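A quick write-up on the structure given underneath.
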Amino acid sequence: MYVDDDDDQIPNSYSQRPITQAINPPPLDDPEVEEDINDVKPKILLFGLRRSGKTSIRKVVFHKMSANETIFLESTTKLEHEDVSKNCFIDYVIYDFPGQADALEDSAIDYSHIFDGKCALIFVIDVLEEYKEALDKIVNTLVGLDNKGMLENIEVFVFIHKVDGLSDDQRAEALKDINFRVNDELSEAGISINLKTQLTSVYDYSIFEALSIVGQKLIPELLSTFESLLNALKEPCGMDRVLLFDVATKCYIATDTESVPTNKYEMCCDMLDLVADVSNIYTTPESFSFYDSKSFSSVHLDNGTVILTKYICNNLTLVCLLQESCLTELGLIEYNIAKFSQGMDDVLKSHFKRRPVK
Ligand SMILES: Nc1nc2c(ncn2[C@@H]2O[C@H](COP(=O)(O)OP(=O)(O)OP(=O)(O)O)[C@@H](O)[C@H]2O)c(=O)[nH]1
Ligand SMILES: [Mg+2]
């Protein structure tokens with residue numbers, strides 16, 4: 001089993017339980033390569049008004065804080081950033097902006113550095129509050145970035161957050177209203193941008209799913225390769241769906257080319273939690289790790305669906321959904337998973353060696 005003694009930022013729970021101590025950063029044999037990579041990491045920037053939920057999102061996804069504990073978080077007073085790559089495969093830096101500040105007018109912040117390179121800008125809106133001010137802030141920030149010519153390389157997302165407090169109808173209404181108002185104001189300002197809006201809450205899997213989609217935008221060159229590998233695994237085995245999860249964050253890195261209906265994503269996360277819970281009971285305190293190269297599990301549901309998990313490498317676990325009838329070809333499935341694993345290993349090795357020097 002993997003044990004990483006150097007890891008001092010270990011998430012202390014999965015769903016409030018200690019499980020992911022076996023955290024392995026990507027294979028970086030050469031220290032110089034590692035240094036270069038740190039220079040060019042993609043960034044996720046969390047913007048939004050005070051108390052909209054930015055720090056809660058960061059803590060719940062990357063520090064495994066329980067949603068209930070977020071009520072004790074203090075307001076962020078200065079820009080905070082952290083490199084989350086020590087905890088997971090996902091390899092980016094998160095910037096958590098204080099809600100009370102207008103970041104673009106804060107001369108203490110070096111924008112050219114922050115907005116340089118690949119980055120995703122997430123505006124978090126507290127949907128339980130009147131959100132006109134939040135929408136104004138989004139438009140003003142984007143206009144400011146556009147004026148400075150910095151909008152081009154930025155992926156922009158709006159998280160309509162705290163939707164746990166809304167009914168399905170209210171969620172749909174908020175989504176429509178916010179999309180319309182922001183796009184309308186942006187087009188009035190002459191800005192054409194592909195704004196991606198997501199309904200999120202730290203009280204369910206929606207925040208993990210939303211951050212999965214953000215993360216995928218930051219690794220487009222790997223994403224298409226991962227998708228091809230997943231398709232090549234899925235088809236000969238007759239699987240319904242395959243997803244590649246980062247076990248430390250429960251964000252999925254890639255899936256086969258069919259989109260993932262939310263209930264399937266939740267099912268996969270439940271499966272990862274189940275493996276973690278059972279392992280938590282039976283793993284010895286010395287070994288800590290739940291995932292190693294032999295980790296494999298399957299659960300058979302009443303409706304004939306089987307969920308398989310297989311650990312691949314670098315904290316990445318494959319979750320496959322298939323019909324029970326496909327298991328007659330278990331040898332074929334194992335063979336293709338082994339091939340997939342080998343393919344992943346090759347891709348990751350070459351990716352981390354090839355990343356550009358800034
Ligand atoms: N109901 C609900 N409350 C949430 C959610 N996310 C965060 N909160 C609550 O929102 C409040 C503010 O959360 P923070 O994460 O501190 O907000 P912030 O955006 O970082 O605020 P500043 O640091 O002041 O900019 C806390 O009481 C959280 O518990 C959510 O998904 N649902
Ligand atoms: Mg905060």
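Order of appearance sets the numbers: ligands from 1, and atoms from 1 within every ligand. The shown structure was predicted, so the numbers you read here are calculated from the model rather than taken from an experiment.
The nearest non-hydrogen atom to atom 26 (C) of ligand 1, considering only Asp96, Thr70, Val127, comes from Thr70.
Counting the atoms of ligand 1 from 1 in the order shown, those under 4.0 Å from a heavy atom of Asp164 are 1 (N), 2 (C), 30 (C), 31 (O), 32 (N). Each of the following atoms of ligand 1 lies closer than 4.0 Å to a heavy atom of Ser201: 31 (O). Per-residue contacts place Thr76 under 4.0 angstrom from the following atoms of ligand 1 (heavy atoms of the residue considered): 22 (P), 23 (O), 24 (O). Using a 4.0 Å cut-off to heavy atoms of Gly99, the atoms of ligand 1 that qualify are 25 (O). Under a 4.0 Å criterion applied to the non-hydrogen atoms of Ser56, ligand 1 contributes the atoms 6 (N), 7 (C), 13 (O), 14 (P), 15 (O), 28 (C). Listed by atom number, the atoms of ligand 1 under 4.0 Å from Arg50 heavy atoms are 21 (O), 24 (O), 25 (O).
Inspection of the Gln342 and Asp346 side chains reveals an N or O donor paired with an N or O acceptor under 3.5 Å. For the residue pair Thr249 / Asp246, a side-chain donor-acceptor distance below 3.5 Å is found, with atom types taken as modelled. In this structure, a donor-acceptor pair under 3.5 Å is absent between the side chains of Thr317 and Thr309. Checked by atom type, the side-chain pair Glu209/Ser206 shows no donor-acceptor distance below 3.5 Å.
Contacts between Lys59 and ligand 1, counted as non-hydrogen atom pairs separated by less than 4.0 Å, are absent for every part of the residue.
Between Arg58 and Glu82, at least one side-chain nitrogen of the basic residue sits less than 4.0 Å from a carboxylate oxygen of the acidic one, meeting the salt-bridge criterion. One finds a salt bridge joining Lys41 and Asp83 here, because a Lys/Arg side-chain nitrogen approaches an Asp/Glu carboxylate oxygen to under 4.0 Å. A salt bridge is absent between Asp240 and Lys234: the closest approach of a Lys/Arg side-chain nitrogen to an acidic carboxylate oxygen does not fall below 4.0 angstrom.
Contact annotation: the side chain of Ile219 approaches that of Ile253 to within less than 4.5 Å [non-hydrogen atoms, C-beta and beyond]. Put simply, the side chain of Ser52 reaches to within 4.5 Å of the side chain of Lys54, judged on heavy atoms. Side-chain contact check for Val163 versus Thr200: every heavy-atom pair is 4.5 Å or farther apart.
The shortest N or O to N or O distance between Ser75 and ligand 1 is below 3.5 Å. Of the polar atoms of Gly53, at least one N or O is found under 3.5 Å from an N or O of ligand 1, judged by distance alone. Ligand 1 has an N or O atom lying under 3.5 Å from an N or O atom of Val202, backbone or side chain. At a 3.5 angstrom cut-off on N or O pairs, Ile71 counts as close to ligand 1.
Each side-chain hydrogen bond (donor to acceptor under 3.5 Å, both in side chains) pair with one or both residues in residues 182-194, not counting sequence neighbours, would appear here, but there are none.
The Mg ion (ligand 2) has Thr55 OG1, Thr76 OG1 as its protein N, O or S neighbours under 2.8 Å.
The closest approach between Ser52 and ligand 1 falls below 4.0 Å for a heavy atom of the residue.
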